[in-house]
Colleague: 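A single structure is presented below for examination.
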Amino acid sequence: MNSKTIADNNPFARVKTRSIVYWFVLAIPLLLILYIVVGTSLDLPGIIARQRIDFEDPLFSSILINSFFYLIIIAWLLFYQNRTKLSFSYLWGRRALLTEYGGLLLLVIPLMLFAFGSTQIIYYLLYLVSPEVVDGLLSQELLLTAKSTAYPGLYNTIQVIAIVILAPIVEEILFRGVFFHRWGTKWSVRTAVITSSIIFGCLHFNLLWASLFGLVMCFAYLKTKSLAVPIAMHFLNNFIALGISFWFLWRPNPESTSIDALQSSLGQSAIATLVASIWLIIFCRRHWRLIQKPLPYFANRDAALD
């Protein structure tokens with residue numbers, strides 16, 4: 001990597017990535033204070049009681065969690081951009097054509113296979129220790145019917161927007177965009193690939209799959225120098241996952257989950273995990289050399305200045 005390129009006008013050297021943690025920590029008491037002040041002046045408890053709003057409905061927990069999570073990240077990204085004069089156009093890169101990099105979208109197939117197989121195995125192993133925990137996890141659904149919420153249409157719409165649109169864009173800009181470049185310039189591209197992928201994995205239930213997903217997204221970004229490619233792959237992955245959830249939601253005869261059902265699918269899960277692992281390992285090994293190349297932001301900036 002060209003050290004002059006990194007040192008000269010480097011927006012990733014000015015704000016520490018851990019500052020986003022401070023934003024989340026400080027946001028909670030600030031929001032509580034805001035609620036107390038506004039609630040007292042506008043009599044929010046009385047309004048809620050008169051309108052008979054049921055805040056135990058999943059709709060409101062979904063709105064609160066998604067709004068809090070994404071608003072803090074978006075606010076921090078805007079703060080980062082303003083503080084460092086980061087160019088989102090260099091971060092985004094050139095427009096990647098589907099005809100040129102469409103083959104990378106096929107990687108969603110082994111990623112989904114690995115997710116299915118490894119998750120089933122994790123559920124089975126966890127079931128042996130704590131069946132109640134697995135029952136609780138498997139009872140959670142991305143999409144809900146009128147049996148679970150009074151506002152199924154609105155709830156599912158919010159979920160679709162958050163999972164299919166917001167998550168791919170915001171998470172890729174944060175992890176493959178800012179975090180990846182920050183750690184790549186601070187340490188090395190190799191360390192940034194591994195660290196950003198593992199931290200991304202820690203924020204998901206299936207740490208192994210999510211870390212591998214992050215690894216593939218890093219190489220896709222390094223290969224294309226276009227953030228649109230990992231965003232498109234992330235979008236497709238989440239869209240398929242949501243489609244599977246939709247099928248389970250509306251299937252006529254849902255099967256109850258049991259240790260026998262998990263055990264009977266162990267063979268298929270192991271095969272799916274093995275096949276997907278081989279496919280993804282081959283892809284990562286073939287593209288590992290890309291860690292010797294300049295980070296996408298600096299490569300795009302140099303190309304624009306030429």
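Position 1 is the first residue of the sequence, and the numbers go up from there.
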Colleague: When you measure from the side chain of Gln120 to the backbone N and O of Ser269, does any donor-acceptor pair fall under 3.5 Å?
Modeller: no

Colleague: Test your reading of the model: is there a side-chain donor-acceptor pair from His234 to the backbone of Pro230, 3.5 Å cut-off?
Modeller: no

Colleague: In the structure I gave you, are the side-chain heavy atoms of Thr273 and Phe116 within less than 4.5 Å of one another anywhere?
Modeller: no

Colleague: Just how far is it from atom OH of Tyr127 to atom CD of Glu132, taken to the nearest 0.5 Å?
Modeller: 8.0 Å

Colleague: Using the benzene-type ring in the case of Trp, are the ring centres of Trp288 and Phe219 under 6.0 Å apart?
Modeller: yes

Colleague: Any luck finding a side-chain donor-acceptor pair between Ser226 and Trp92 under 3.5 Å?
Modeller: no

Colleague: Is a donor on one side and an acceptor on the other found under 3.5 Å between the side chain of Thr191 and the backbone of Trp187?
Modeller: no

Colleague: Quick one: are the ring centres of His181 and Phe175 less than 6.0 Å apart?
Modeller: no

Colleague: Flag the pair Phe180 / Phe200 as yes when their ring centroid distance falls below 6.0 Å, and as no otherwise.
Modeller: no

Colleague: Report yes if the distance between the aromatic ring centroids of Phe298 and Tyr90 is under 6.0 Å, otherwise no.
Modeller: no

Colleague: When you measure from the side chain of Thr149 to the backbone N and O of Ala146, does any donor-acceptor pair fall under 3.5 Å?
Modeller: no

Colleague: Test: side-chain hydrogen bond (donor to acceptor under 3.5 Å, both in side chains). Region: residues 201-217. Which pairs qualify, not counting sequence neighbours?
Modeller: Ser118-Asn206, Thr119-Asn206

Colleague: Under 3.5 Å, is there a donor-acceptor pair between the side chain of Arg14 and the main chain of Thr84?
Modeller: yes

Colleague: Look at the side chain of Asn82 and the backbone N and O of Leu78, then say whether any donor-acceptor pair between them is shorter than 3.5 Å.
Modeller: no

Colleague: Please check if the side chain of Asn237 supplies one atom and the backbone of Met112 the other of a donor-acceptor pair under 3.5 Å.
Modeller: no

Colleague: Between Gln159 and Leu142, is there a donor-acceptor pair closer than 3.5 Å when you use the side chain of the first and the backbone of the second?
Modeller: yes

Colleague: Please test Tyr297 against Phe12 for ring pair (Phe, Tyr, Trp, His ring centres under 6.0 Å), starting from the C-alpha separation and ending with a verdict.
Modeller: CA-CA 10 Å; Tyr297 183 93; Phe12 302 101; 5.0 Å; yes

Colleague: Has Asp57 got a side-chain atom pairing as donor or acceptor with Ala150's backbone, closer than 3.5 angstrom?
Modeller: yes

Colleague: Do any N or O atoms from the side chain of Asn66 and from the backbone of Ile158 form a donor-acceptor pair under 3.5 angstrom?
Modeller: no

